[in-house]
A.B. asks: 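My questions all concern the structure below.
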There are 2 protein chains.
Amino acid sequence: MLTMTKKTTSTPHHHGNLREALINAGLELLETGGAQALTLRKCAALAGVSHAAPANHFNGLVSLKVAIMARGHLLFAETMRQASSQAESCPRTQLIAICEGYIRFARTHKTLFNLMFQFDCIDLEGVDDASKNEKRKAGEESYGILKKACLPFEHNGGNSLNTETMVWSLVHGYAMLFANEGASKRAIPSFSEILPNLPLK
Amino acid sequence: MLTMTKKTTSTPHHHGNLREALINAGLELLETGGAQALTLRKCAALAGVSHAAPANHFNGLVSLKVAIMARGHLLFAETMRQASSQAESCPRTQLIAICEGYIRFARTHKTLFNLMFQFDCIDLEGVDDASKNEKRKAGEESYGILKKACLPFEHNGGNSLNTETMVWSLVHGYAMLFANEGASKRAIPSFSEILPNLPLK
DNA sequence: AAATAAAATTGACAGTGTCAATATAGAGAC
DNA sequence: GTCTCTATATTGACACTGTCAATTTTATTT
C-alpha cells in the first residue's frame, strides 16, 4: 500500500522542532534574565535537551543569536503594524504612531532590542545561512514599515532616502537614549515634539 | 627627623597604578579583539599581574567596564572638542562639526561606543562608586559639548531641551545605524543633509 | 623594629562554548 | 518486515571565564 501524502515536513527525530524551541527559549531567557542569561546551555536545558544538542541546529552561539535577532524583528514589525492600524490615516499621525510603536518595542523588550541593533556588528563569518537569511528578511520587513510611512513626505530635495534616513535616525536615537527607565529623571520631550515638520509631497 | 613633604599620593604597593593599567588594557583589548576580548583575566595578563589582582581595584568585571565607559566618554568629548575647534564659528557649522565628530568617534571606536551606549543598561548594583562617579562625570562632559552647540537654536516653542533632545537623538541614531562599514552598500545621506533647518533664537 | 593595612598571588569552583566519540531514532530501499 | 543510512541527541572532555577564600608579599604607620 502506498503511504501517499506522507508528511514531507515531518517532525524530525527526537525533539520535534528543536531549532524553534531553542529560539523561544533564548527569547525567554533574554526577557527574564538579561543579556548574560542567553546561554547555549541554558537554552538547551530550557528546551529539555542536552547541552550539546543545539550544535545540530546552530553553528555555535552566534548563529542562535542571529536567529533570535530575526525573530525579534518579526515582533518589532508586528508592534509597528499594530500601532499603525490603531492610528488615523493622516500621514503625520501615521508616522508618529509607527515611531511610537518603535519606541514602545524598545521599552518593552530592552535586551532584545539591544541585541537586534548591536552596533559593533556581530561577525557573520561562520553564521548559518538560515539564520542570516532570516535576519535579513525580517529586518527588511520591519524597516519597510517605517519606510512606507515616510513616503508621503519630502525632505531636502525630494530624495525620499533623506526622509527615511532622518526619521529612522531620529526615532532610533530617541529609543536608544530615552526608552530606559533610568533616564526618567529628566523630563524628556515626547517624540512628536521633536519630529520636525515634514512637508508633504 | 621629619620626613616632611612625603608623597601623599604615593604610588601604591606593587604595581604602581594597576587600576589605570587595567583600564588601558581593557581599552586596548576592546579595540583589537572586540567586545568578547574584554576579560578580567586578559586585562590582568596584559597589565602583568595575576588573574585575581583586579579584585583589589574593581568590584568585579562590571565595575571595570563602567570605568572603561567613563574613559571612553573622555575620549569622546575630546573628539567632539577637536571637531569644534577646527570649524568656523557659525552656529550651524559648529553643530554639524560636533555631530560629525560624534559620528567619527562611533566609526573609529565601534566596540567602545557600543559599550558606552549599551541600551539595556548595565545594572549598577554593586558597581564601585569610583567607577560610577567617573562615568557620570565624563558623560556629562561629553553631553555638555553637544548641548552647548544647541543653545543658539530654537525648536518647537523655545524649549532648549527640545532642540537638544532632537539633535542628540538624530546624531546618535545616525551614528548607531550608519557608522558601520557593513551599511555602506546603500548610499547614505550625509548628516548635514538630514539635519533639519533650525531657526536661530 | 613591630604592627597593621593594602595589594598581589595561588588555588579552587561552578559556568561557559565547543569539539570528538558514541548512541539512538527515523527515513528510505529492498 | 528488515536493513541500511543519515539526522539527531548524548556523554565526556577541554580550555577559558568570573569570583571567592586562604595566603603571601609589600608598604605604611606606630
Side-chain angles (χ1 to χ4, degrees), chain A residues 1-22 25-26 29-30 33-68 122-123 125-128 130-131, chain B residues 1-22 25-26 29-30 33-68 122-123 125-128 130-131:
Chain A
M1 182 178 76
L2 292 177
T3 60
M4 54 185 299
T5 68
K6 201 174 190 178
K7 283 196 297 181
T8 56
T9 62
S10 63
T11 59
H13 305 263
H14 297 75
H15 178 95
N17 195 353
L18 184 53
R19 187 173 191 277
E20 201 70 6
L22 288 169
L29 287 166
L30 217 47
Q36 73 176 17
L38 177 52
T39 281
L40 263 183
R41 289 172 110 105
K42 289 207 186 88
C43 288
L46 203 52
V49 294
S50 76
H51 68 264
N56 291 297
H57 301 272
F58 296 102
N59 183 17
L61 175 63
V62 181
S63 290
L64 172 58
K65 281 187 177 173
V66 172
I68 290 173
I122 291 182
D123 183 17
E125 275 298 309
V127 170
D128 298 332
S131 297
Chain B
M1 182 178 74
L2 291 177
T3 58
M4 57 185 298
T5 67
K6 201 173 189 179
K7 282 197 301 182
T8 55
T9 61
S10 63
T11 58
H13 306 262
H14 297 74
H15 177 95
N17 196 352
L18 184 52
R19 187 173 192 277
E20 200 70 6
L22 289 169
L29 287 166
L30 217 47
Q36 74 176 17
L38 177 51
T39 282
L40 263 183
R41 289 172 109 105
K42 289 207 186 91
C43 289
L46 203 51
V49 294
S50 76
H51 68 264
N56 291 296
H57 301 271
F58 296 102
N59 183 17
L61 175 63
V62 180
S63 290
L64 172 57
K65 281 187 177 174
V66 173
I68 291 173
I122 290 181
D123 183 18
E125 275 298 309
V127 170
D128 298 333
S131 297

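Quick note on labels: first sequence line is chain A, next is B, and so on, each numbered from 1. If you're wondering where the values come from, they're calculated on a predicted model, not measured in any experiment.
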A.B. asks: Can you name the side chain to side chain donor-acceptor pair (under 3.5 Å) partners of B/E20, sequence neighbours left out?
C.D. replies: B/R71

A.B. asks: Mind checking what makes side-chain contact (heavy atoms from CB on, under 4.5 Å) contact with A/A44, not counting sequence neighbours?
C.D. replies: A/V49, A/P54

A.B. asks: Got a sec, which residues hit side-chain contact (heavy atoms from CB on, under 4.5 Å) with A/A67, two or more places apart in sequence or on another chain?
C.D. replies: A/R19, A/I23, A/F58, A/S131, A/E134

A.B. asks: Quick one: A/L29 CG to C/dT16 P, roughly how many Å, whole number?
C.D. replies: 10 Å

A.B. asks: Given 3.5 Å as the limit, does a donor-acceptor pair link the side chain of A/N59 with the main chain of A/D128, or not?
C.D. replies: no

A.B. asks: At less than 4.0 Å, is any side-chain N or O atom of A/H57 found next to OP1 or OP2 of D/dA9? Yes or no.
C.D. replies: yes

A.B. asks: What heavy-atom pair brings A/C43 and A/L64 nearest, and what distance separates the two atoms?
C.D. replies: SG-CD2, 3.9 Å

A.B. asks: Kindly indicate whether the side chain of A/I122, heavy atoms from C-beta on, has any atom under 4.5 Å from the side chain of A/V62.
C.D. replies: yes

A.B. asks: Please state how far atom CG in A/L46 lies from atom P in C/dT16, giving the value in whole angstrom units.
C.D. replies: 13 Å

A.B. asks: How many Å lie between CD on B/Q36 and P on C/dT16, as a whole number?
C.D. replies: 16 Å

A.B. asks: Given Watson-Crick or G-U pairs with both distances under 3.5 Å, what dot-bracket string fits DNA chain D, with | for other-strand pairs and [ ] for crossing?
C.D. replies: ||||||||||||||||||||||||||||||

A.B. asks: Please find the pair of heavy atoms, one from A/L18 and one from A/A47, that lie closest to each other, and give the distance.
C.D. replies: CD1-CB, 3.9 Å

A.B. asks: With sequence neighbours excluded, what pairs up with A/N56 under the side-chain contact (heavy atoms from CB on, under 4.5 Å) test?
C.D. replies: none

A.B. asks: Report all interatomic pairs (protein N or O, nucleotide N or O of nucleotides 10-15 of chain C) with separations under 3.5 Å.
C.D. replies:
from   : atom 1 : to    : atom 2 : distance (Å)
C/dG11 : O6     : B/H51 : NE2    : 2.8

A.B. asks: Would you say the side chain of B/N56 and the base of C/dA8 hold a donor-acceptor pair, judged only by whether the two atoms sit under 3.5 Å apart?
C.D. replies: yes

